[in-house]
Amino acid sequence: MFEIPEIMQNYWKKQAEPTASALDIFRIESTIGLKLPIAYVEFITQFGFVVFDDIQGMRCLFDYIISLPDRKEVREGDIGFILETERLLSAYETLTRKQFEFDDEFPKFPAHYLPIGNDAGQGKILLELGEHVGRIWYWPFNEWAWGTEDNTWLGFVADNFYDFINRLRP
């Protein structure tokens, strides 16, 4: 169950961003070949593809954990918006595949992560599709292809989308 402050819900209603339809859900699931986690589906069908604007009472900050060989670091990230279906599918196709045979800039992260939102810049909020379907991760933008230079880690955020949304802070 989502625990979203009334001020945020009222703001989102006033902004009237689109909500996900059954066709949106079908298109995403057809592309990834899996059922989407219930919490994520519940959010985008109930609240929609919302923007986390800079208004009084808006929660948009989260902590993420980076596991390094010798330690764990906790850092802070933010969410700017939830991607609408077309942008989500386009981002998934673009960021998880090589664009050209000799492309050394893509993919940006593994294909078993679905970009479902953005931070205030170009970083992505990712939904895990792999072994632990539904976990939330953060990928801060990186120019390098996945596994090269310093593009070798994702930050763990939450075990599921309920926890992600409920733990956001102002």
| message | Restricting to non-hydrogen atoms, name the atom on Arg97 and the atom on Pro107 that form the minimum distance, rounded to 0.1 Å. | response | N-CB, 3.7 Å
| With a cut-off of 6.0 Å (strictly less than), are more than 12 heavy atoms of other residues, nucleotides or ligands near CD1 of Ile38? | no
| message | If you count heavy atoms of other groups shown closer than 6.0 angstrom to NZ of Lys35, is the number above 12? | response | no
| Heavy-atom pair of closest approach, residues Asp24 and Thr19 | OD2-O, 4.0 Å
| query | Counting distance only, does the side-chain N/O of Asn160 pair as donor-acceptor with the main-chain N or O of Tyr40 below 3.5 Å? | reply | no
| message | Can you see whether Glu128 engages Trp137 through a side-chain donor-acceptor pair at a distance of less than 3.5 angstrom? | response | yes
| field | Leu129 CG to Tyr113 OH distance, which is reported to the nearest 0.5 Å | value | 9.5 Å
| message | I'd like to know if Val133 and Leu36 are part of one continuous hydrophobic network [Ile/Leu/Val/Met/Phe/Trp/Tyr, side-chain heavy atoms within less than 4.5 Å]. | response | no
| message | For Asp104 and Trp144, which I'm curious about, is there any donor-acceptor pair between the side chains at under 3.5 Å? | response | no
| field | Over 12 non-hydrogen atoms of neighbours within 6.0 angstrom of CD in Glu6 | value | no
| Can Ile7 be reached from Ile165 by stepping across I, L, V, M, F, W or Y side chains whose heavy atoms are under 4.5 Å apart? | yes
| said: Same cluster or not: Tyr162 versus Met8, using hydrophobic residues (I, L, V, M, F, W, Y) connected whenever any side-chain heavy atoms lie under 4.5 Å apart? | reply: yes
| Measuring from Leu83:CG to Asn118:CG, what's the distance to the nearest 0.5 Å? | 5.0 Å
| said: With heavy-atom distances below 4.5 Å as the criterion, would you say the side chains of Gln9 and Phe47 are in contact? | reply: yes
| request: Start with the C-alpha gap between Arg169 and Glu76, add the side-chain angles, then the distance that decides, and say whether salt bridge (Lys or Arg N to Asp or Glu O under 4.0 Å) holds. | output: CA-CA 11 Å; Arg169 59 184 190 282; Glu76 183 176 80; 2.7 Å; yes
| What residues, two or more places apart in sequence or in another chain, satisfy side chain to side chain contact (heavy atoms under 4.5 Å, CB included) together with Phe106? | Thr94, Leu95, Gln99, Asp103, Lys108
| Tracing side-chain links under 4.5 Å among I, L, V, M, F, W and Y, which residues wind up in one group with Ile65? | Val74
| When you look at Glu29 and Arg27, which way does the salt bridge (Lys or Arg N to Asp or Glu O under 4.0 Å) test go after all the steps? | CA-CA 6 Å; Glu29 289 177 343; Arg27 289 186 60 221; over 6 Å; no
| request: Decide if atom CZ of Arg75 counts as having more than 12 heavy atoms of other residues, nucleotides or ligands within a radius under 6.0 Å. | output: yes
| said: Under a 3.5 Å distance rule, please check whether Trp12 uses its side chain to pair with a backbone N or O of Val51 as donor and acceptor. | reply: yes
| request: Write out all pairs satisfying ring-ring contact (aromatic ring centres under 6.0 Å, His included) with one or both partners inside residues 63-92, taking only residues at least two apart or from two chains. | output: Tyr64-Tyr138
| said: Would you say the rings of Phe109 and Trp139 are close, in the sense that their centroids are separated by under 6.0 Å? | reply: yes
| query | Less than 4.0 Å between a side-chain N and a carboxylate O, is that true for Arg167 and Asp63? | reply | no
| Going hydrophobic residue to hydrophobic residue with side-chain gaps under 4.5 angstrom, can you get from Phe161 over to Leu114? | yes
| field | Main-chain N/O of Glu143 paired with Glu105 side-chain donor or acceptor, under 3.5 Å | value | no
| query | Is the shortest heavy-atom distance from the side chain of Asp119 to the side chain of Phe141 under 4.5 Å? | reply | no
| message | Test of understanding: clusters of I, L, V, M, F, W, Y form through side-chain heavy atoms closer than 4.5 Å, transitively. Do Phe156 and Leu168 belong to the same one? | response | no
